[in-house]
2 protein chains.
Amino acid sequence: MLSEQPITSADKTFFLLRRDIVEGVIPSGTKLSETELSTKYAVSRAVIREAINRLESCRLVERKANVGARVVALTAQGLIELYEVREALEGMAARLAARNMTDQEIEGLNALLNQHFQEVKGGESYYQEAGDVDFHYRIIQGSKNQHLTNMLTNGIYHLVRMYRVQLGMAGPRVTTAFDEHRHIVQAISNRDEELAEMLMRRHITYSRKNIEQKLADEAGSNRRQQA
Amino acid sequence: MLSEQPITSADKTFFLLRRDIVEGVIPSGTKLSETELSTKYAVSRAVIREAINRLESCRLVERKANVGARVVALTAQGLIELYEVREALEGMAARLAARNMTDQEIEGLNALLNQHFQEVKGGESYYQEAGDVDFHYRIIQGSKNQHLTNMLTNGIYHLVRMYRVQLGMAGPRVTTAFDEHRHIVQAISNRDEELAEMLMRRHITYSRKNIEQKLADEAGSNRRQQA
DNA sequence: CCGATGGAAAGTGTCGACAATATAGCCATC
DNA sequence: GATGGCTATATTGTCGACACTTTCCATCGG
């Protein structure tokens, strides 16, 4: 039923490049040469340019006129800033989800949670990341706010994933995060906008602090190694 | 001292098109024909395409593959969604500004406020819009968060302005808005993050409600006219 | 008279070539 | 030996032409 729009060559190249950048195949800081990429992907430079433009609007690469594009550098500061934006946007998403989600959607969210519970109990913690993403996606969709949805799913989430992959943040935090998810769904279920937003913001804050802690630990051990 | 980067033809065309779209010279819903625009602006289609791509990433136009681009349609729902995003992002910006602005920047904000006070007292209410934008810009900059700043100044603000211009929301609300601004600066001055965010969110909520009211009134009078 | 089919016409997607700009390396000069 | 300017090279920016898709309209069949 979904009117599937045609996929152009530029689209495909964009998706490929994005995947490679997010997954770290093309490391952070790499120069993206148009001529090089056009031979590698067997398309014209025009296609590559369009793909790079779109990567730029996702903030995955930075371009300078007459110089070229490079994959964004990953910094601790950048990650913190990203989580600050996430906190604001996803907090609002949770608030709006509590207002706008249908009862069926909420039911589906509960089902997803139960499924996760079974998996976590069964020790399949490797499902955690995908499950976490799925959970957040549903709430974002539930906000029914197009701007919010686009910003998060087309922009921020790929950036967050890039950081997680390349800084090696597969992260445990499984059981606590699960409880936090449960409480958020509870608040949405009760149509308590205030609480839903607050809990989502806390959830993301905890996640950020967890990552900051890890970065600090790594930095510490690196210093010890160097000494 | 600012290393001014070279401005390409695509840049210029982008700026021109954006201005024309935001100011309503190119009305909402208009089809943007690449061939037509390339003759009008005397540049190649490649340049036009790049400009349109960038307009799309600002969400000022929408593109469909093999069909073309049109200026986004303005709807009441869209405006509300925009303000919801603004509330989330600018609320966070105010919180971060309370944390990160320098004392000098805060002093500058106070000076700006006093200047506005003089102008408002003198009845120069036509300065309101520019002053309002300036006020919000400074707080956004004060957040020291690059992502936040880019999202707001490169994306949302142009969209908001587009709505304001084309739906004729030059809006009074001068004196009340001025008081709200004053209280926000006060909170930032006191480094009260919590309060700064709350006041900014309220400020934007009020602004949204004011606009919703106007839209409702217009719709009402339109119905009466038609009857 | 209405719907389907076919084929122009117009528009977008892609390409290779040329122009303009930045970078690197070399030589001359201080 | 270091610095400044110049040339050579490589890369990006821009262009016009061609390929493909969509859209519109006329024609045909029911």
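Proteins come first, then strands; the chains are lettered A, B, ... in the order of their sequence lines, and each starts at number 1. The structure presented is a predicted model; accordingly, all values stated were derived computationally and were not measured.
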Quiz item: How is B:Ser9 classified with respect to the nucleic acid when contacts are heavy atoms under 4.0 Å: base, sugar-phosphate, or nothing?
Solution: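 Since only primed, P, OP1 and OP2 atoms lie under 4.0 Å of B:Ser9, the category is sugar-phosphate.
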Exercise. Flag this pair as yes if the NZ/CZ of B:Arg86 is under 6.0 angstrom from the six-membered ring centre of B:Tyr83 and inside a 45 degree cone about the axis; otherwise no.
Key: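 Output yes; distance and angle both within limits.
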Side-chain N or O of [X] closer than 4.0 Å to phosphate OP1/OP2 of [N]:
{"X": "B:Arg63", "N": "C:dG13", "value": "yes"}
{"X": "B:Lys64", "N": "C:dG13", "value": "no"}
{"X": "B:Lys31", "N": "C:dT12", "value": "yes"}

Within the distance-only criterion (no hydrogens, no angle test), does the side chain of [X] pair as donor or acceptor with the backbone N or O of [Y] below 3.5 angstrom?
{"X": "B:Glu105", "Y": "B:Thr102", "result": "yes"}
{"X": "B:Asn100", "Y": "B:Lys144", "result": "no"}
{"X": "B:Ser207", "Y": "B:His203", "result": "no"}

[X] has an atom [atom1]; how far is it from atom [atom2] of [N], in whole Å?
{"X": "A:Phe14", "N": "C:dT14", "atom1": "CZ", "atom2": "C1'", "answer": "19 Å"}
{"X": "B:Leu37", "N": "C:dA10", "atom1": "CG", "atom2": "P", "answer": "18 Å"}
{"X": "A:Ile7", "N": "D:dC20", "atom1": "CD1", "atom2": "C1'", "answer": "16 Å"}
{"X": "A:Glu34", "N": "D:dT11", "atom1": "CD", "atom2": "C1'", "answer": "8 Å"}

Quiz prompt | A:Gln166 versus A:Ser28, side-chain donor and acceptor atoms under 3.5 Å | solution =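 No - no donor-acceptor pair under 3.5 Å links their side chains.
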Practice problem: Check whether the side chains of B:Asp132 and B:His181 place a donor and an acceptor atom closer than 3.5 Å, and report yes or no. | Solution: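 Yes - a donor-acceptor pair under 3.5 Å links their side chains.
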Self-check item: Among C:dT21, C:dG13, C:dT14, the one nearest A:Asn66 by side-chain distance
Solution: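 Among the listed nucleotides, the one closest to the side chain of A:Asn66 is C:dT21.
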Quiz item: Looking at the side chain of B:Thr8, which of D:dG13, C:dG11, D:dT11 is the nearest nucleotide?
Solution: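 Within the option list, the nearest is D:dG13.
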Exercise. Give the minimum heavy-atom separation between A:Thr149 and A:Ser143, together with the two atoms involved.
Key: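 That closest heavy-atom pairing would be OG1-OG, 4.1 Å.
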Exercise. Look at A:Glu87 together with A:Lys209 and state whether they make a salt bridge at an N to O cut-off of under 4.0 Å.
Key: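 Looking at A:Glu87 and A:Lys209, the cut-off is not met.
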Self-check item: Nearest-0.5 Å distance, CE of residue A:Met92 to CE of residue A:Met200
Solution: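 Result: 13.0 Å between the selected atoms.
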Quiz item: Residues from residues 41-56 of chain A sitting under 4.0 Å of DNA chain C, heavy atoms only?
Solution: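 By residue number: A:Val43, A:Ser44, A:Arg45, A:Ala46, A:Val47.
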Pairs under 3.5 angstrom, nitrogen or oxygen only, protein versus nucleotides 7-10 of chain D, please.
none

